[in-house]
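What's counted below: heavy atoms across the whole structure, side chains too, no hydrogens, waters or symmetry copies. Atoms within a ligand are numbered from 1 in the order they appear, just like the ligands themselves.
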Amino acid sequence: MDQRVPAVSMRNITKTFNSGAVVANKDVSINIYRGEILALLGENGSGKTTLMNMLSGIYFPDEGQIFVDGKEVVIRSPKDALDLGIGMIHQHFKLVDVLTATENIILGLKEKGKLDLKAAAKKIKDICDQYGFDLDPMQKVYNMSVSQKQTVEIIKVLYRNADILILDEPTAVLTPQETQSLFNVLRNMKADGKAVIIITHKLNEVREISDFVDVLRHGEFIGSLTTSESTPQEWTDMMVGRKVTLNIERPDPLGLPPRLKVKDLTVRSEEGLIKLDHVSFDVSGGEVLGIAGISGSGQKELLEAIAGLQVTEEGSVIYVEDDGTEEELLNQDPNKIRRMGITLSFVPEDRLGMGLVGNMDLADNMMLRTFRKGKSPFTDRKNPHKRAELIVKELEVVTPSIETSVRRLSGGNVQKVLVGREIAEAPKVLMTAYAVRGLDINSSYTIYDLINQQKQKGVAVIYVGEDLDVLIELSDRILVLCEGELSGILDARKTDKNEVGLYMTSLHGEGGEAS
Ligand code: ADP
């Protein structure tokens with residue numbers, strides 16, 4: 001038994017929603033100590049955020065007790081939490097764009113007398129120096145990168161003297177280099193005796209930054225492990241509740257000729273901002289081309305331009321038929337492009353806003369995509385039914401039946417339908433973006449398997465993903481976008497996260513083919 005008094009002890013915490021219909025946390029007990037970093041792990045929906053929201057005063061537990069430094073406390077609001085030194089940095093930032101870093105940080109603070117901006121800026125500077133933040137206190141938020149905004153959010157809670165910090169998936173929005181800077185800050189906090197809790201899905205980061213791992217599954221506490229004495233495989237097995245294979249197979253590319261030839265593709269936003277700047281590359285059948293880049297670097301525009309869903313300013317996208325015939329895709333009807341075998345599944349934030357009709361059942365949603373395929377304008381109901389059944393079976397979609405309307409499925413299940421439907425089209429080019437966003441580990445690996453099967457069938461796969469580790473394992477080549485420019489095309493078997501990260505921020509060379 002650890003004899004130390006924990007900074008925070010949550011004991012037998014239970015929290016339900018919807019009058020008890022959803023049990024988000026069930027009898028959970030965890031301890032966090034000062035000078036340590038705890039990684040809180042669990043699949044989506046396992047109750048991590050709910051648990052942390054009770055610590056930071058957003059939710060109030062139905063049952064259980066919370067102790068800070070051994071004393072029982074009642075936390076009814078974020079202010080209560082901060083008064084106890086507990087600060088949470090959420091995934092979505094709540095900053096005021098037109099204000100400076102300093103103004104945002106002191107916003108809402110009632111200091112005695114007149115607000116002394118100068119003194120505040122000085123205190124912020126001291127915090128930056130102490131923990132190794134790089135921030136200009138006078139910079140306006142609208143000029144900031146995502147990582148700088150996150151810095152402001154972290155300093156905001158440090159400014160209020162928080163010494164128990166909770167970070168909810170802080171690296172989801174960061175490049176590998178920015179992640180390293182954040183980790184340096186976290187190490188400094190740890191050395192300074194702060195208690196840090198980090199929620200993350202990236203197991204390599206857990207290994208790198210945390211001292212302990214606590215695992216939740218279906219709202220219950222499963223166990224606590226010392227990071228250095230356990231493995232990602234053990235953590236995953238605990239998260240999932242059974243053994244899972246964490247290997248992504250990467251068959252060799254088939255060495256087929258180019259299927260798509262993209263040349264000088266240029267796209268501007270409606271406001272006239274450049275979104276893609278003379279991007280050129282080929283993609284062949286039987287290979288997976290991964291696309292990396294900080295979010296918003298032109299990934300969406302690239303895929304949509306190929307699919308005919310994006311107005312382009314310049315360039316060409318040539319589709320090469322099996323017999324070598326070439327056809328220009330730009331300015332073609334998107335339906336025609338689909339019929340040629342070029343499919344796109346884009347998993348957006350709003351999954352129902354994109355390509356699935358919520359009120360229609362699964363089979364009808366299949367039909368939406370397939371009815372244009374046959375020669376007859378009349379639709380064949382049997383075929384989509386079969387497809388829907390196949391997708392439900394292969395991807396383990398949880399649905400009462402294929403007659404259930406898509407709106408009633410959970411987000412992850414909708415997503416499987418979305419990706420499954422594109423694959424069921426037997427495409428020549430399969431483009432998929434954020435295919436595994438929000439999916440549990442098993443479903444994610446099912447999707448990687450499906451992608452590899454497509455590759456082995458000779459399909460040209462373009463894969464936009466968020467997890468660089470996965471992107472490097474799954475792809476044959478990685479095309480890196482940086483602010484709409486192609487900053488490099490890397491051999492996925494030879495590159496690493498660090499190199500890809502450098503290309504993402506364009507620190508590496510000027511455009512063109514690397515490696
Ligand atoms: P995690 O952070 O591990 O992904 P959450 O804590 O967000 O998990 O969710 C745990 C469970 O509680 C999920 O089933 C989720 O749908 C549910 N849940 C979370 N917040 C609410 C809420 N405000 N209302 C209803 N259900 C909720």
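At a cut-off of 3.5 Å, with distance as the only test, a side-chain donor of Glu205 or Thr171 sits close to an acceptor on the other residue. Judged purely by distance below 3.5 Å, without hydrogens or angles, the side chains of Thr14 and Asp62 never pair a donor atom with an acceptor atom. In the model, Gln65 has a side-chain atom that pairs as donor or acceptor with a side-chain atom of Glu72 under 3.5 Å.
Residues forming a salt bridge (Lys or Arg N to Asp or Glu O under 4.0 Å) with Arg493 (at least two apart in sequence, or on another chain): Asp252, Asp476.
Scanning both residues, Ser297 and Ile294, for their nearest heavy atoms gives OG-O, 2.6 Å.
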What does the N/O contact table under 3.5 Å look like for ligand 1?
from: ligand 1; atom 1: 2 (O); to: Thr49; atom 2: N; distance (Å): 2.9
from: ligand 1; atom 1: 2 (O); to: Thr49; atom 2: OG1; distance (Å): 2.5
from: ligand 1; atom 1: 3 (O); to: Ser46; atom 2: N; distance (Å): 3.1
from: ligand 1; atom 1: 3 (O); to: Ser46; atom 2: OG; distance (Å): 3.2
from: ligand 1; atom 1: 3 (O); to: Gly47; atom 2: N; distance (Å): 3.0
from: ligand 1; atom 1: 3 (O); to: Lys48; atom 2: N; distance (Å): 3.0
from: ligand 1; atom 1: 3 (O); to: Lys48; atom 2: NZ; distance (Å): 2.8
from: ligand 1; atom 1: 4 (O); to: Gly45; atom 2: N; distance (Å): 2.7
from: ligand 1; atom 1: 6 (O); to: Thr50; atom 2: N; distance (Å): 2.9
from: ligand 1; atom 1: 6 (O); to: Thr50; atom 2: OG1; distance (Å): 2.5
from: ligand 1; atom 1: 8 (O); to: Gly47; atom 2: N; distance (Å): 3.1
from: ligand 1; atom 1: 23 (N); to: Tyr59; atom 2: OH; distance (Å): 3.1

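In this structure, Lys15 forms a cation-pi arrangement with Phe17, its terminal cationic atom sitting closer than 6.0 Å to the ring centre and no more than 45° off the ring axis.
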